[in-house]
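Data block below; observations after.
A, B, ... follow the sequence lines: proteins, then strands. Residue 1 opens every chain.
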Amino acid sequence: MHDIRFIRENPAAFDTGLKKRNLAPLSAELLEIDRRRRAAISESEAAQAKRKALSRQIGIAKGKGEAAEALMAEVAALEASLKKGEAEAAALDSELTHRLEVLPNLPFDDVPDGTDETGNVEIRRVGSQRNFGFTPKDHVALGEATGEMDFAAAGKMSGARFVVLRKHLARLERALAQFMLDLHTSEEGGYTEINPPFLVRDKAAYGVGQLPRFAEDMFHTDNGFWLIPTAEVPLTNLVNDMVLEEKQLPQRFTAWTPCFRSEAGAAGKDTRGMIRQHQFPKVELVSITTPEQSAAEHERMTGRAEEVLKRLDLPFRTIVLCGGDMGPASRKTYDIEVWLPGQNAYREISSCSNCGDYQARRMNARYRPKEGPRGSKGGTRFVHTLNGSGLAVGRTLIAVLENYQNEDGSVTIPEVLRSYMGGLAAIPAPAAQ
RNA sequence: GGACAGGUGGCCGAGUGGUUUAAGGCACACGCUUGGAAAGCGUGCGUGGUGUAACAGCCACCGCGGGUUCGAAUCCCGCCCUGUCCGCCA
């Protein structure tokens, strides 16, 4: 959701931002709607003021026992133009809102230009790819060999794009999530652990920008709930319709939840294995900040997600998405991609976005500044919201399997996970199970 | 799921169709008073929109959305939420 006042005051900057999204300039068109809207509001309010004054006089006259027919006739004469004015103002106001709410957020100036993922820019590469000395298998081959990763069993009850994990792999997934949560909620991490609802109403999905745009990608229940496609939805909505004090910011939330995505449009992509599932676990990070804090918080959040991979000793690279590849709510997005030797490729394992005030405006999430610059009037400003995966747990499991595999099909457990695995040093080879 | 009772500003709370232009109190801010403080007194104190160079002014908002009316916090309808009781349930 965009601020029409910002567009009024910075039409060129607005159009420049749209251009980075590969969209045509719109400020002139939007400002013309705004001009008509404001004229209609002024007219309608003047008529309302007149009616209010007359109604009060009717009340006074009746109180004194005087006749009020003349006054009532005067109001009746106003009626038609009043209704028309109100309807016109409301129509123009909702037209403007509808136009503004479907537009994507404006990328920051330092976001690279581009129309698709080929425009993304790698900014760092951390860790070194292991030299195996044999041909590494992918996670499907590794997991199915022991029977601990069972797509057939899941298929029988739920169909494609689901998986059943058993025994060591089931526990490994839980271990990874625990490890991540413990890291993020440590003093160094600074996040507060949240256990949120997995079903939300329209309003919450609208607030983060999932609705109306991504209705098709979400599962919907027949009594009106949406299954969360990411914990970003409930975590960010924790501040929905709130006015926070500046000293309460930044607020940092983390949650381990299942995520549900129907992703009808992605059918055919990554059909093999656990890369793309209808249901997957993810540890999410969300920060609520002042506008001044958000850029630094974005770097910090990305760093905390990277820290998980560093401690797991998994090689990765971090890229900054170009204007054409970012999600609509974002002003700047870093993707972290983990090395998967079984696929011989880097694959996305985290996406960290600074959404500026885009979601806050939709959710009406504000704060009261201690001092200094205020909003147009009043004493509140919209907060900034950020979200990032820290990390996608299912894909982290894949990464551990593929990077820590041994030639016999056993998988070494990374040091930092062993305490979560009851001291287990390796998942045994299929032959040994 | 059913029945009943509720939802008013940061908080408490009055308000059953018209001087409500939301009383009063608490808290908070500033001032007066004081040796200093408390008390007392005075003033201020919501959000959004519109408007203005900036003020002023104007409009809307009493859980949310509709409706009735010249006029709605107040009456009617739908929904959300809270409380109590009942039912069901891990």
Side-chain angles (χ1 to χ4, degrees), chain A residues 1-9 30-101 195-207 211 221-226 234 237-248 258 357 360-383:
Chain A
M1 184 75 180
H2 288 280
D3 181 7
I4 186 64
R5 253 174 317 193
F6 173 84
I7 301 171
R8 214 182 286 150
E9 285 158 22
L30 294 171
L31 290 176
E32 174 58 17
I33 298 170
D34 180 48
R35 191 193 59 73
R36 284 163 46 213
R37 165 185 155 270
R38 289 195 287 161
I41 287 173
S42 291
E43 206 171 310
S44 160
E45 285 189 352
Q48 284 177 326
K50 197 180 277 182
R51 174 179 60 188
K52 213 168 139 177
L54 286 168
S55 291
R56 193 175 306 142
Q57 286 177 38
I58 292 170
I60 292 167
K62 288 201 168 176
K64 290 180 187 161
E66 294 169 0
E69 278 71 24
L71 288 167
M72 287 173 71
E74 221 177 310
V75 179
L78 270 176
E79 201 57 28
S81 69
L82 198 74
K83 278 225 168 76
K84 184 166 162 274
E86 278 177 19
E88 196 178 323
L92 285 164
D93 196 57
S94 81
E95 182 184 350
L96 187 63
T97 300
H98 289 312
R99 293 295 303 273
L100 292 176
E101 73 188 355
N195 198 334
F198 305 157
L199 296 171
V200 298
R201 290 185 200 285
D202 287 4
K203 190 185 172 200
Y206 174 86
L211 290 179
T221 71
D222 61 10
N223 56 348
F225 290 109
W226 300 96
N237 271 284
L238 287 172
V239 296
N240 179 300
D241 211 24
M242 288 189 53
V243 181
L244 303 162
E245 295 300 324
E246 180 170 354
K247 63 171 186 258
Q248 297 177 276
D357 66 4
R361 202 175 288 284
R362 295 169 83 98
M363 290 192 304
N364 193 30
R366 295 169 293 163
Y367 78 101
R368 204 177 297 282
K370 280 187 289 216
E371 54 188 17
R374 303 264 168 141
S376 64
K377 227 198 260 186
T380 64
R381 299 171 80 195
F382 289 108
V383 297

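Each of B/rC59, B/rC80, B/rC70 was ranked by its minimum atom distance to the side chain of A/R201; first place goes to B/rC80. Listed nucleotides: B/rG71, B/rG49, B/rC59. Nearest to the side chain of A/S55: B/rG71. When each of B/rC58, B/rG49, B/rU21 is scored by its nearest atom to the side-chain atoms of A/I41, the top-ranked nucleotide is B/rG49. For A/E45, the listed nucleotide lying nearest its side chain is B/rC58; candidates were B/rC58, B/rG51, B/rG71.
A pairwise comparison of heavy atoms in A/N237 and A/A204 identifies ND2-O, 2.9 Å as the closest pair. Heavy atoms only, all atoms of each residue included: A/H2 and A/L100 are closest at O-CD1, 3.6 Å.
For the OP1/OP2 pair of B/rG49 and a distance below 4.0 Å, the side-chain nitrogens and oxygens of A/R5 include at least one atom meeting the criterion. Distances shown here put every side-chain N or O of A/R56 at or beyond 4.0 Å from the OP1 or OP2 atom of B/rG71. Between A/R366 and B/rG48 there is a side-chain N or O to OP1 or OP2 distance below 4.0 Å. For the OP1/OP2 pair of B/rG46 and a distance below 4.0 Å, the side-chain nitrogens and oxygens of A/T380 include no atom meeting the criterion. Listed pair A/R38 / B/rG51 meets the phosphate criterion, a side-chain N or O lying under 4.0 Å from OP1 or OP2.
In this structure, A/Y206 atom OH and B/rG65 atom C1' are separated by 16 Å, rounded to whole Å. One interatomic measurement links the two molecules: NZ of A/K52 to C1' of B/rA22, which rounds to 12 Å at whole-angstrom precision. Look at NZ on A/K62: it is 10 Å from C1' on B/rU69, rounded to the nearest Å. Rounded to an integer number of Å, the gap from CG of A/N240 to C1' of B/rC64 is 13 Å. Atom pair A/M1:CE and B/rG48:C1' shows a separation of 13 Å (rounding to whole Å applied). The interatomic distance linking A/K50 (NZ) with B/rG57 (P) rounds to 21 Å, in whole Å. For the pair A/R381 CZ and B/rG48 P, the computed distance is 13 Å after rounding to whole Å. If you measure from atom CD of A/E43 to atom P of B/rG51, you get 13 Å, rounded to the nearest angstrom.
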Side-chain donor-acceptor pairs under 3.5 Å in residues 84-94 of chain A, sequence neighbours left out?
{"from": "A/E86", "atom 1": "OE2", "to": "A/Q48", "atom 2": "NE2", "distance (Å)": "3.1"}
{"from": "A/D93", "atom 1": "OD1", "to": "A/R37", "atom 2": "NE", "distance (Å)": "2.7"}
{"from": "A/S94", "atom 1": "OG", "to": "A/A91", "atom 2": "O", "distance (Å)": "3.4"}

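For A/D357 (side chain) and A/F382 (main-chain N/O), no donor-acceptor pair under 3.5 Å exists by modelled atom type. The backbone N or O of A/Y206 lies less than 3.5 Å from a partner atom in the side chain of A/R362, making a donor-acceptor pair.
Two residues, A/M72 and A/D34, neighbour RNA chain B, and the one matched to the more 5' nucleotide by heavy-atom proximity is A/D34. Toward the 5′ end of RNA chain B lies the nearest nucleotide of A/A49, the other residue of the pair A/A49 and A/A76 mapping further downstream.
In this structure, B/rA39 forms no base pair with any nucleotide, since neither Watson-Crick nor G-U wobble geometry is met with both distances under 3.5 Å. Using N1 to N3 plus N6-O4 or O6-N4 for Watson-Crick, or N1-O2 and O6-N3 for G-U wobble, each under 3.5 Å, B/rC85 pairs with B/rG2. Of all nucleotides present, none satisfies the Watson-Crick or G-U wobble test against B/rU69 with each distance under 3.5 Å. With a 3.5 Å ceiling on both atom-pair distances, the Watson-Crick or G-U wobble partner of B/rC61 is B/rG46. Under the Watson-Crick and G-U wobble criteria, each requiring two contacts below 3.5 Å, nucleotide B/rG7 is paired to B/rC80.
To the nearest 0.5 angstrom, A/R51 atom CZ is 11.0 Å from A/I58 atom CD1. Note: A/L30 CG to A/R35 CZ = 13.5 Å, rounded to the nearest 0.5 Å.
Taking atom C1' in both B/rG9 and B/rA73, the straight-line distance is 13 Å, to the nearest Å. Taking the P atom of each, B/rA3 and B/rC79 are spaced 12 Å apart, rounded to whole Å. Rounded to whole Å, the C1' atom of B/rA27 lies 14 Å from the corresponding atom of B/rG44. Comparing the C1' positions of B/rG78 and B/rG24 gives a spacing of 35 Å, expressed to the nearest Å. If you take atom P in B/rC85 and the same atom in B/rU74, they sit 30 Å apart, rounded to whole Å. Nucleotides B/rG46 and B/rG2 place their C1' atoms 39 Å apart, quoted to the nearest Å. One C1' atom belongs to B/rG13, the other to B/rG66, and the distance between them is 29 Å to the nearest Å.
In this structure, A/I58 reaches the bases: a heavy-atom distance under 4.0 Å links it to at least one base atom across the strands shown. Residue contacts shown for A/R361 are absent, as no nucleic acid heavy atom lies under 4.0 Å away.
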